[in-house]
Q: 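Could you have a look at this structure, given as structure tokens, before my questions?
Ligands are counted one by one from 1 in listed order, and the atoms in each one are counted from 1 as well.
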Amino acid sequence: MMDNEVDVFYRELPKVELHAHLNGSVSCPTIEKLISRKPHLNIGHGMTAIGKGQRRTLDECFQVFKVIHQLVDTEEDILMVATDVIKEFAADGVKYLELRSTPREEKHTGLTKKSYIETVIKAIKQCKSEGVDIDVRFLVAIDRRNGTEVAMETVKLAEDFMLSSDGLVLGLDLSGDPTVGHGKDLLPALQKAKNCGLKLSLHLSEVPSQLEESDLLLDLPPDRIGHGTFLHPAMGGSQGIVDKVVKHNIPLELCLTSNVKGQTVARYSDHHFKHWYQMGHPSVICTDDKGVFSTDLSQEYQLAASTFDLSREAVWKLSHDAIDCIFAPDTVKQQLKQKWIYLKPQVFHYRETDSL
Ligand SMILES: CC(C)=CCNc1ncnc2c1ncn2[C@@H]1O[C@H](COP(=O)(O)O)[C@@H](O)[C@H]1O
Ligand SMILES: [Zn+2]
């Protein structure tokens, strides 16, 4: 996507993607295939992606997911979508991907939450058997709008798959419309998940009104934070909250285009990346929804570099340090670090004249 606009350095840079929602990551070509499978839905492509320079309210963004969910409602759809998304990330130079998705039940197509997860796992295994050069893991997502009971049910499912998927299912994501529901209702489920060894990545403070909820959920503590836009005092948060995040050394997953197009951040130069990065806090560049926001991970790295004036060596370190934030075990981290060492001369090769 958008190859011509992104410098080859960012394409070739080996990358780790830790925050990608499956149905938000569906590309234009895949949407076209889905639309032609379901012409009766009368869905036009303009309804599933937000183009360059466009902005949407948070509410409008969540409407987009509803449209995509209509297009993706069978095992066959999920298999195609997951396979395409994995191959696209691999083509963009992503070497390790943690994909997250909310298991759905669709009575009219026979889809169950269990078969949903099984199908994503099938896609991951299929890509592996085809030799696609990417290590993919899965985080089962809880949509906060669905409340306590569904959250508990999702934790149980995730636990079963964690024990039976050969390390492919590693943890849980908490996401969904941040203006709906309250984290306190989900706390018991998240606590249970943590106790049984599932890793937790929680969307925190995507909107300003969530500070109290974030304070509560940070006591778990989660293993990573999605967005955390309004945690820092410079963004309206508090020093006490920052202290908690720092004390537990919880990495942040930061998605520049998503926040600007969703209008929770006014402009790129205002993005909270700068506050956390300056503090030396683990900050990982991610896409969130590369399909919906018409971006990819190379582009997000380039955006971070151009906005915050990062040297190529600093960008390299950023992608390398993301390895320490993955949920897979240390052996996988070591393998990835070896890969980075091996690839570095190639990535910097034709840049020898540049100052590194
Ligand atoms: C609206 C906006 C600016 C989105 C970016 N920030 C987000 N915040 C919270 N949940 C999200 C976000 N993007 C995707 N999701 C979650 O991911 C789902 C789509 O992927 P999936 O069906 O779980 O595979 C959405 O329905 C929603 O529950
Ligand atoms: Zn997200």
Q: How wide is the angle at the Zn ion (ligand 2) between NE2 in His203 and NE2 in His19, to the nearest 10°?
A: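 Taking the Zn ion (ligand 2) as the apex, the two atoms subtend 100°.
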
Q: So if I count the atoms of ligand 1 from 1 in the order they appear, which ones are less than 4.0 Å from some heavy atom of His203?
A: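 So the answer, numbered in order with elements, is 8 (N), 9 (C).
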
Q: Could you tell me whether Lys261 approaches ligand 1 through its side chain, its backbone, both or neither, with non-hydrogen atoms closer than 4.0 Å?
A: neither

Q: In sequence, state the C-alpha distance, the side-chain angles, and the governing distance for Asp7 and Arg312, and then conclude on salt bridge (charged side-chain N to carboxylate O under 4.0 Å, His left out).
A: CA-CA 12 Å; Asp7 189 289; Arg312 293 195 174 205; 3.7 Å; yes

Q: What part of Asp289, side chain from CB on, backbone N/CA/C/O, both or neither, has a heavy atom under 4.0 Å from ligand 1?
A: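 For Asp289, the contact with ligand 1 is made by the side chain alone.
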
Q: Under 4.0 Å from a heavy atom of Phe293: give me the atoms of ligand 1 that qualify, with their elements.
A: 2 (C), 3 (C), 4 (C)

Q: His21 heavy atoms, cut-off 4.0 Å: which ligand 1 atoms fall inside?
A: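 That gives atoms 11 (C), 12 (C), 13 (N), 14 (C), 15 (N), 16 (C), 17 (O), 20 (O) of ligand 1.
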
Q: Please check if the distance between the ring centroids of Phe348 and Phe9 is under 6.0 Å.
A: yes

Q: Please list the nearest protein heavy atom to atom 6 (N) of ligand 1 with its residue and the distance rounded to 0.1 Å.
A: Glu206 OE2, 2.8 Å

Q: So do Lys15 and Ile285 actually touch side chain to side chain, heavy atoms under 4.5 Å?
A: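 Not touching, per the 4.5 Å side-chain cut-off.
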
Q: I want to check a possible cation-pi pair here: Arg100 against Phe138, using under 6.0 Å from ring centre and within 45° of the ring axis as the test.
A: no

Q: With the threshold set at 4.0 Å, does a side-chain nitrogen-carboxylate oxygen contact exist between Lys113 and Glu105?
A: no

Q: Does Asp133 come within less than 4.0 Å of Lys339, counting only side-chain N to carboxylate O?
A: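 The answer is yes: the pair qualifies as a salt bridge.
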
Q: Indicate yes or no: does an N/O atom of Gly176 lie under 3.5 Å from an N/O atom of ligand 1?
A: yes

Q: For Leu22, take its heavy atoms, then give the atoms of ligand 1 lying under 4.0 Å from any of them.
A: 24 (O)

Q: Does even one non-hydrogen atom of His227 get within less than 4.0 Å of ligand 1?
A: yes

Q: Do Val136 and Leu79 belong together in a cluster built from hydrophobic side chains that touch within less than 4.5 Å?
A: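 Different hydrophobic clusters.
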
Q: Out of all atoms in ligand 1, which are within 4.0 Å of some heavy atom of Ser101? Include the element for each.
A: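 The atoms of ligand 1 under 4.0 Å from a heavy atom of Ser101 are 21 (P), 23 (O), 24 (O).
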
Q: Strictly under 4.0 Å, does any heavy atom of His69 approach an atom of ligand 1?
A: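 Within the 4.0 Å threshold, so yes.
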
Q: Answer with yes or no after comparing the ring centroid distance for His272 and His227 against a 6.0 Å cut-off, counting only values under it.
A: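 Distance test on ring centres: not under 6.0 Å, no.
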
Q: Between Leu231 and Ser205, which heavy-atom pair has the shortest distance, and what is it?
A: CD2-OG, 3.4 Å

Q: Decide if atom NZ of Lys122 counts as having more than 12 heavy atoms of other residues, nucleotides or ligands within a radius under 6.0 Å.
A: no

Q: Does NZ or CZ of Lys333 come closer than 6.0 Å to the centre of the six-membered ring of Tyr96, within 45° of the ring's axis?
A: no

Q: Just heavy atoms, cut-off under 4.0 Å: does Asp288 contact ligand 1 by side chain, backbone, both, or neither?
A: side chain

Q: Going by the order shown, which atoms of ligand 1 are within less than 4.0 Å of some heavy atom of Asn23?
A: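 Result: 20 (O), 21 (P), 22 (O), 24 (O).
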
Q: Looking only at distances, please establish whether an N/O atom of ligand 1 is found under 3.5 Å from an N/O atom of Thr102.
A: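 Among all N and O atoms of Thr102, at least one is under 3.5 Å from an N or O of ligand 1.
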
Q: Only heavy atoms of Phe65, strictly under 4.0 Å: list the atoms of ligand 1 that pass.
A: 13 (N), 14 (C), 19 (C), 25 (C), 26 (O)

Q: Under 2.8 Å from the Zn ion (ligand 2), is there an N/O/S atom belonging to Cys255?
A: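 Cys255 does not place any N, O or S atom closer than 2.8 Å to the Zn ion (ligand 2).
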
Q: Is it true that Ser258 lies under 4.0 Å from ligand 1, counting heavy atoms only?
A: yes

Q: When you compare the side chain of Lys244 with that of Pro221, does any pair of heavy atoms fall below 4.5 Å?
A: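 No - every pair of side-chain heavy atoms lies 4.5 Å or more apart.
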
Q: In Asp288, which N, O or S atom comes closest to the Zn ion (ligand 2)?
A: OD1

Q: Any salt bridge linking Arg144 with Glu213? Criterion: basic side-chain nitrogen under 4.0 Å from a carboxylate oxygen.
A: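 Salt bridge: yes.
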
Q: Provide, to 0.1 Å, the distance between atom 3 (C) of ligand 1 and the closest protein heavy atom, together with that atom's residue and name.
A: Leu58 CD1, 3.4 Å

Q: Please state which protein non-hydrogen atom is closest to atom 1 (C) of ligand 1 and give its distance, to 0.1 Å?
A: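 Of the protein heavy atoms, Cys61 CB, 2.8 Å lies nearest.
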
